[in-house]
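The next block holds one structure in the form of structure tokens; read it before the comments.
What you see is a predicted model; the values in this text were computed from it and never measured.
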Amino acid sequence: MNKPASTPATTSPRSGARRLRMLVFFSLAALVLLAAGAALYVVTAVLPKVPKIDAVLDYQPKIPLRVYTADGHLIGEFGVERRDFVPIARIPAPMKEALLAIEDAQFYQHQGIDWRGAARAVLSNLREGFGAGGASTITMQVARNFFLTNEKVLSRKLIEVALAYRIEDALTKDQILELYMNQVFLGNRAYGFSSAARAYFGKPLEELSLAETAMLAGLPQNPSRHNPIANPKRAKQRQHAVLKRLYELGRIDEAAYRQALAEPLRIRRGGQVFDTHADYVAELARQAVYAQFGDAAYERGIVVTTTILKAEQDAAYESVRRNVLDYDQRHGYRGPEARIELPQDPAEREEAIIEALQKRPQSDGLLPAMVLAASSQRVEVELLSGEQLTIEGGGLKFAARGLAAGAKENLRIAPGAVVRVSQRPGKGQGWALVQVPQVAAAFVALDADTGAYHALVGGFDYNLQKFNHVTQAWRQPGSAIKPLVYAAALDKGYGPGTLILDAPLEMPGENAGATWSPQNDDGVFDGPITMRYSLAHSKNVTTVRLLRAVGVDQAHDYLGRFGLDLARHPKNLTLALGTGAMTPLQMAGAYAVFANGGYRVKPYLIAQIRDGDGSILQDNRPPARQEGERVLDARTAFVADSMLRDVTRYGTGAAAVRQLGRADLAGKTGTTSDAIDGWFAGYGGKVVAVAWMGYDEPRSLGGREFGATLALPIWIDYMRVALAARPEPAGAAEPVPPEGLVRDNDDWVFEEFAGDPGLRAIDIAPEELAPQEDDEGAEEEEEPSGAPAGEA
């Protein structure tokens with residue numbers, strides 16, 4: 001008999017409820033254990049690693065060393081981080097709104113953690129893996145920027161959260177935002193939004209447009225990816241995202257939104273641009289501050305105020321550039337800087353052009369360019385920016401030799417040649433072919449009374465050569481040293497009216513055992529001439545005779561009064577023609593003695609040094625001048641000054657008075673043997689200035705070049721600006737002589753030497769004496785030194 005099939009036992013409601021309770025219990029227990037484990041992990045593994053927040057409570061930003069002119073213009077900045085600390089109250093509201101809109105819209109509502117954003121980030125991390133979503137608030141980013149790395153691990157995130165709570169508990173919201181906006185890295189070595197505004201747009205924050213503000217606000221997420229210099233397309237996309245977010249939040253209206261979207265961004269490229277070209281000045285200041293403060297100089301926010309005046313520095317820089325370029329134009333085109341084969345493929349061609357142009361050093365206004373097509377009538381070039389230019393007409397004149405049909409290979413301008421182009425002066429003048437000069441130059445101007453620098457240009461271009469010719473170049477002074485020799489003669493009793501024989505002079509044994517015969521520039525000998533006329537026209541032979549009469553040893557020692565390094569000047573008769581060595585700065589210091597009535601000054605550049613808090617660390621003020629510091633008799637200084645004024649009235653420097661039209665100008669040209677160095681040193685309006693030109697590897701500047709053609713134009717162009725603010729003093733045409741001077745033989749002489757027949761003539765027999773008159777209308781001449789071979 002078959003048994004009926006069994007059926008499954010039915011589950012009672014009571015049994016199901018029991019199972020559900022067990023499931024809930026164990027789930028809750030698991031959650032409790034998990035929470036307890038997490039809490040234990042946080043307490044034992046995370047919290048001990050949470051650093052103290054002293055760094056944010058006592059924030060010390062790394063502010064770079066900054067150098068300013070005396071009138072407050074920035075000329076240099078040194079430090080790994082470019083940073084301007086700006087208090088939150090001074091940060092424009094649009095900048096704060098744009099940043100918060102894209103980074104942390106709930107910043108002023110949450111307590112350091114945006115839990116809604118965090119939940120979204122958790123879901124993203126579950127879908128795509130840890131690190132896919134961030135949800136970092138501004139406070140969390142402050143924690144990370146100050147204390148943590150960007151490593152995407154759970155422990156770092158938990159520490160970040162803990163730090164955020166600590167920071168929120170210790171600081172106000174505005175203080176947290178201030179820290180963030182000054183500390184965050186924004187690419188291009190810029191830290192903080194103020195620094196970024198200057199780095200990318202060359203403007204302070206308050207001058208930024210809405211479009212520019214939005215671009216900066218988009219940078220914190222990824223400064224490298226969204227950098228407008230490195231990746232303008234991504235920067236634009238990020239900027240649009242910021243603008244959209246501002247519009248969605250109601251911070252801007254539709255009209256402002258559309259206008260900002262359409263505004264083109266004009267990003268400043270290249271190195272940092274300062275208010276004036278004073279790179280050599282800034283470097284001198286940096287060296288001085290670093291020697292005093294070490295590496296801390298670059299982090300403490302030290303502010304250096306120099307004695308430089310912006311208008312005069314601008315004038316000096318522009319004058320050096322202009323006159324060096326003029327000299328270079330006078331001496332012809334040397335040919336392209338480089339040549340490459342231009343590929344046929346457009347992409348490869350563009351890459352080759354960029355690579356070739358990037359190798360060429362930048363120089364203000366002289367842009368490297370690739371020749372795409374060339375003929376005697378027109379040249380087409382491409383700049384590094386990608387802009388293509390057509391050069392025609394007068395713009396081709398300088399390089400015409402390179403465009404001629406039979407041009408030599410080294411001069412030939414053809415496709416693939418790397419050349420330089422420059423905008424021609426004047427509106428609508430177009431572009432011209434130019435070249436980077438090889439000649440060097442220097443200029444320095446000092447306050448004649450205090451020694452404070454007014455302007456300094458150490459070379460044609462600091463980017464091309466860091467060597468500072470003002471302070472480091474030891475060059476032969478040539479005839480620019482003559483006034484110092486003449487001053488020694490005045491002290492010995494000779495006067496500007498003393499007659500000296502200008503006739504051939506042969507001195508056996510003076511040229512390394514051979515006979516030395518110094519020569520005048522034009523080979524012309526004028527017979528007996530006055531000492532005043534001799535200096536005005538830079539006569540060599542008469543100066544040698546004068547030195548011989550004074551005594552070489554006495555004159556050599558006399559140079560020490562002017563601060564010269566005596567070991568660098570010969571103890572022989574070539575001393576009269578400047579065969580020693582001195583720097584342009586030494587030359588300026590020497591001429592300051594004539595300009596201020598007989599006192600040596602110590603040139604100084606730094607007026608004041610302050611730390612980041614504004615406290616004065618160093619304050620330099622020239623001490624009151626004491627009569628005991630005099631190095632020249634007041635009478636010597638007065639008479640020497642009167643002779644130097646004649647140099648600029650009718651002598652080799654007559655272009656100075658002719659162009660500037662002042663009676664208080666004085667100075668001296670200088671040209672060494674074979675025109676290797678060209679100088680002009682002079683003063684007016686209590687400003688003493690020296691200009692120099694020459695090649696670093698000494699060689700002739702040209703047979704028709706002299707101090708009057710090379711250096712004097714630089715000096716005049718600068719003085720035109722410097723003297724504009726210094727009216728000519730009353731009585732400048734006829735200064736009042738000091739006591740102890742009398743007139744003898746129609747010129748000044750020291751009272752105690754008046755009437756001494758032995759001091760009235762040098763190398764002239766009594767029967768040869770005849771009345772002499774200075775020819776103030778004589779034609780200008782300049783001099784080679786006429787020094788023995790191997791001396792000059």
Side-chain angles (χ1 to χ4, degrees), residues 59 61-66 68 72-77 79 81-105 107-108 138 141-142 145 172-223 226-229 232 235-236 238-243 245-247 249 251-252 256-257 259-261 263-275 301 303 612-614:
Y59 179 50
K62 292 182 178 179
I63 306 297
L65 165 68
R66 291 192 173 97
Y68 290 85
H73 295 272
L74 182 64
I75 59 175
E77 182 177 281
E81 301 177 2
R82 295 176 183 165
R83 192 194 307 277
D84 297 313
F85 185 86
V86 182
I88 192 67
R90 288 177 43 211
I91 296 178
M95 186 72 255
K96 290 184 281 189
E97 290 174 356
L99 173 68
L100 294 178
I102 197 67
E103 288 291 328
D104 191 353
F107 174 71
Y108 282 97
I138 292 287
Q141 291 184 57
V142 168
N145 290 342
T172 67
K173 286 288 188 179
D174 279 350
Q175 287 174 326
I176 295 170
L177 188 59
E178 180 181 83
L179 284 173
Y180 180 82
M181 297 191 75
N182 283 286
Q183 179 72 14
V184 65
F185 175 61
L186 297 172
N188 199 28
R189 287 180 54 216
Y191 288 77
F193 284 89
S194 178
S195 178
R198 296 183 186 278
Y200 292 115
F201 299 111
K203 301 177 182 179
L205 275 174
E206 59 269 20
E207 294 182 12
L208 295 183
S209 67
L210 174 59
E212 293 166 337
T213 296
M215 196 283 291
L216 291 187
L219 289 175
Q221 186 190 71
N222 192 325
H226 301 141
N227 186 321
I229 293 176
K236 195 74 174 176
R238 182 66 174 165
Q239 178 217 33
H240 285 188
V242 174
L243 291 169
R245 184 66 174 148
L246 283 167
Y247 178 55
L249 293 172
R251 300 290 191 266
I252 58 175
Y257 174 53
Q259 181 180 351
L261 286 176
E263 180 182 320
L265 289 178
R266 294 176 173 83
I267 305 299
R268 192 184 72 184
R269 300 176 183 275
Q272 191 168 4
V273 177
F274 298 107
D275 295 343
V303 172
D613 297 326

Legend entry - Main-chain N/O of Ile229 paired with Asn227 side-chain donor or acceptor, under 3.5 Å: yes
Inset, instruction - Decide yes or no for Leu219 and Leu216: does some side-chain heavy atom of the first lie under 4.5 Å from some side-chain heavy atom of the second? - result: yes
Legend entry - Neighbour count >12 (heavy atoms, 6.0 Å) for atom CD, Gln175: yes
Legend entry - Parallel, tilted or perpendicular: rings of Phe185 and Tyr191 (30°, 60°): tilted
Legend entry - Spatial distance of atom CD (Gln141) from atom CD (Gln183) [nearest 0.5 Å]: 12.5 Å
Legend entry - Shortest non-hydrogen contact from Leu261 toward Lys236: O-NZ, 4.1 Å
Inset, instruction - Please confirm whether the backbone N or O of Ala211 pairs with a side-chain atom of Gln239, one donor and one acceptor, at under 3.5 Å? - result: yes
Legend entry - Side chains of Leu243 and Leu210 in contact at under 4.5 Å (non-hydrogen atoms): yes
Inset, instruction - Hey, could you give me the OG/NZ distance between Ser209 and Lys203, rounded to the nearest 0.5 Å? - result: 5.5 Å
Legend entry - Heavy-atom side-chain contact between Ile91 and Leu177 under 4.5 Å: no
Legend entry - For Val242 against Ala214, the heavy-atom pair lying closest together: CG2-O, 3.7 Å
Legend entry - Under 3.5 Å: donor-acceptor pair, side chain of Arg245, backbone of Ile102: no
Inset, instruction - Starting at CG of Asn188, measure out to OH of Tyr200 and round the result to the nearest 0.5 Å. - result: 5.0 Å
Inset, instruction - Check Ala235 against Pro228 and note the closest heavy-atom contact, atom names and distance. - result: CB-CA, 3.6 Å
Inset, instruction - Check Met181 against Ile88 and note the closest heavy-atom contact, atom names and distance. - result: SD-CD1, 4.4 Å
Inset, instruction - Side-chain contact test, heavy atoms from C-beta onward, threshold under 4.5 Å: evaluate it for Phe274 versus His73 and give yes or no. - result: no
Inset, instruction - Would you indicate whether the side-chain heavy atoms of Arg66 and Asp84 approach each other to under 4.5 Å? - result: yes
Legend entry - Side chain to side chain, Leu99 and Pro220, heavy atoms closer than 4.5 Å: yes
Legend entry - Arg238 side-chain N/O to His226 backbone N/O, donor-acceptor pair under 3.5 Å: no
Inset, instruction - Any chance you could lay out the side chain to side chain contact (heavy atoms under 4.5 Å, CB included) test for Phe193 and Leu186, step after step, and finish with the verdict? - result: CA-CA 7 Å; Phe193 284 89; Leu186 297 172; 3.8 Å; yes
Legend entry - Value rounded to 0.5 Å, distance of CD in Glu207 from CZ in Arg198: 8.5 Å
Inset, instruction - Measure the OH-CD1 distance between Tyr180 and Ile138 for me, rounded to the nearest 0.5 Å. - result: 4.5 Å
Legend entry - Contact check, side chains of Thr213 and Glu97, non-hydrogen atoms, under 4.5 Å: no
Legend entry - Nearest-0.5 Å distance that lies between atom CZ in Arg251 and atom CG in Leu100: 8.0 Å
Legend entry - Main-chain N/O of Gly79 paired with Arg189 side-chain donor or acceptor, under 3.5 Å: yes
Legend entry - Short side-chain to backbone donor-acceptor contact, Arg83 and Asn182, under 3.5 Å: yes
Inset, instruction - Would you mind reporting whether Leu265 and Phe201 have side-chain heavy atoms less than 4.5 Å apart? - result: yes
